Structures are given as structure tokens and as C-alpha cells.
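Down below is the structure, laid out as C-alpha cells.
Model, not experiment: these values are computed from the prediction. All values below come from the heavy atoms of this structure, side chains included, with hydrogens, waters and symmetry mates left out.
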Amino acid sequence: MNPILLVLVFLLAGAPLGAQELPEDVRSRRLTVTGGVGNAMGWLGVQAERYFHRERISAFGGLGYTPSTDTNDANGATFAAGLRGYTPGRNHRGFLELSVSQVAIEDTVHFDEFRRFTFDEDRLYGPGASVGYQYAANGGFTLMVSAGVGYAIGADFDNSLQPLVNLGFGFTRRR
């Protein structure tokens, strides 16, 4: 996906969300904890996010697990970290995310001296960019969804660009 197109989609999608005015009595977001699936969650895991600069910027970290679906699968603990820039809004907000996460799992075939082959899988990390949406109810319930593209460092050229997706449910603590 073209990076310029990604930024334009983010700005256009965030325009209606920015029209929401924040009343004086609404407490600001302090911390969000979500659980779900996706690259920013460590595939199947949890994520904590801390807000800065009047809730317009956040830093997050995710810790998760990549499950095994077959013998020799690359399974185990995974991590993610990144920054998000948000549109203004009370409950509904768009965001642009820059992250480092597990982007892909690469299969490799090895042949031994007897012409037997084995499969090996590696987890590949790299940078990524996503656009997303966050709903944070005044009571705390939070929904986060995003999609984008990541670059798998060390992957074959044809497999270096991979889609990034996230779906999380959790709780936002306000001060």
C-alpha cells in the first residue's frame, strides 16, 4: 500500500471524528489495556497503552504468543511496541500507528545428504504502519481495530511486505 495513500485515508477518516468537542466534565484517558489478536498484541495476547500530549499521542507495548498449528511451527512468546497519533474525540477516534512487531512466519525447506527434506519456520519481526479506530466508552469499555502493512526483515523479497491486522477489547482508565 502506498504510504501517501495511507496518510490520506487516515486524515480523511479522522475528519468527522475530530468534530467531537470534549466537555469539561469528561476525564482524560490515562491508560488502556486490551486483549485480542493481531500484530500489535503479539499475535494472541495483551497490550498496554499510555497516553501523552492531551491524549493525542500514545506509546504501547504488546506481549503475546504465536500458537503452533503443525510440527516445527515457529511458536512461542512474541512482543510488539510502537507509537500512535490520534484524532481528537471523546469516545470515537482514529489513529495512525508506527510499530515494530512480528510481521510474518517464514517456511524454509532443508534437504540433507540423503535427499530427505525438513521444514523449518522462523518468526520475522520488522517495522509497520497502520490506520485504526478506537472506541473508549465513558465507563471504560474499549474496542480497538486497525489494519496496515509491515516489512518482514530477513524475508524473501516476494514475502517482505505483509498485512498487519489488530482486534482488541479492553478497558480504558481515565483520571
Side-chain angles (χ1 to χ4, degrees), residues 1-14 31-53 56-87 93-113 115-135 142-170:
M1 181 176 225
N2 186 335
I4 295 171
L5 180 62
L6 190 67
V7 170
L8 286 174
V9 167
F10 173 69
L11 293 174
L12 292 174
L31 177 72
T32 297
V33 177
T34 53
V37 295
N39 300 82
M41 309 269 182
W43 288 52
L44 178 60
V46 295
Q47 175 187 105
E49 181 174 11
R50 174 76 165 91
Y51 301 95
F52 305 97
H53 192 60
R56 296 294 301 274
I57 297 174
S58 73
F60 71 88
L63 183 61
Y65 183 78
T66 300
S68 176
T69 58
D70 198 4
T71 307
N72 298 326
D73 272 357
N75 61 353
T78 57
F79 73 91
L83 299 171
R84 291 188 179 120
Y86 282 93
T87 61
R93 303 190 310 162
F95 64 83
L96 178 62
E97 173 184 294
L98 300 175
S99 65
V100 173
S101 66
Q102 180 179 319
V103 176
I105 296 174
E106 185 174 63
D107 295 325
T108 308
V109 178
H110 300 283
F111 291 95
D112 64 12
E113 65 272 4
R115 293 186 149 317
R116 293 179 296 198
F117 64 91
T118 59
F119 289 100
D120 190 22
E121 292 189 340
D122 295 319
R123 297 186 310 229
L124 302 175
Y125 284 80
S130 299
V131 293
Y133 165 79
Q134 181 192 60
Y135 170 75
T142 302
L143 163 72
M144 187 274 299
V145 62
S146 66
V149 64
Y151 179 79
I153 295 174
D156 293 336
F157 180 74
D158 294 338
N159 298 324
S160 59
L161 290 179
Q162 294 289 320
L164 302 179
V165 294
N166 291 291
L167 174 63
F169 299 93

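- The distance from atom CZ of Phe52 to atom OG of Ser58, rounded to the nearest 0.5 Å, is 8.0 Å.
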Step by step, work out the side chain to side chain contact (heavy atoms under 4.5 Å, CB included) result for Tyr65 and Thr78.
CA-CA 5 Å; Tyr65 183 78; Thr78 57; 5.7 Å; no
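- Here Leu63 contributes atom CG and Phe79 contributes atom CZ; the two are 10.0 Å apart, rounded to the nearest 0.5 Å.
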Validation: residues 33-46 side-chain donor-acceptor distances under 3.5 Å, sequence neighbours left out:
{"from": "Asn39", "atom 1": "OD1", "to": "Val165", "atom 2": "N", "distance (Å)": "3.2"}
{"from": "Asn39", "atom 1": "ND2", "to": "Gln102", "atom 2": "O", "distance (Å)": "2.7"}
{"from": "Trp43", "atom 1": "NE1", "to": "Gln102", "atom 2": "O", "distance (Å)": "3.0"}

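- The line from CZ of Arg50 to CD1 of Ile57 is 12.5 Å long, rounded to the nearest 0.5 Å.
- With contacts defined as side-chain heavy-atom distances shorter than 4.5 Å, the pair Leu96/Thr87 does not qualify.
- Residue Leu98 comes nearest to Ala129 through the heavy atom pair CD2-CB, 3.9 Å, listed as atom of the first residue, atom of the second, then distance.
- The shortest non-hydrogen separation linking Pro127 to Ile153 is CD-CD1, 4.0 Å.
- Cation-pi geometry between Arg123 and Tyr125 is not met at under 6.0 angstrom from the ring centre and within 45 degrees of the axis.
- Across Glu97, Arg93, Arg56, a single residue satisfies side-chain contact (heavy atoms from CB on, under 4.5 Å) together with Arg84, and that is Glu97.
- Side chains of Thr32 and Gln134 form a contact here, defined as non-hydrogen atoms less than 4.5 Å apart.
- With contacts defined as side-chain heavy-atom distances shorter than 4.5 Å, the pair Ser160/Leu124 does not qualify.
- Within the 4.5 Å cutoff, side-chain heavy atoms of Gln47 are placed close to those of Met144.
- Taking the six-membered ring where tryptophan is involved, the planes of Tyr51 and Tyr86 are tilted, since the angle between them lies from 30° to 60°.
- Taking all atoms of both residues into account, the shortest heavy-atom contact from Phe95 to Val145 is CZ-O, 4.0 Å.
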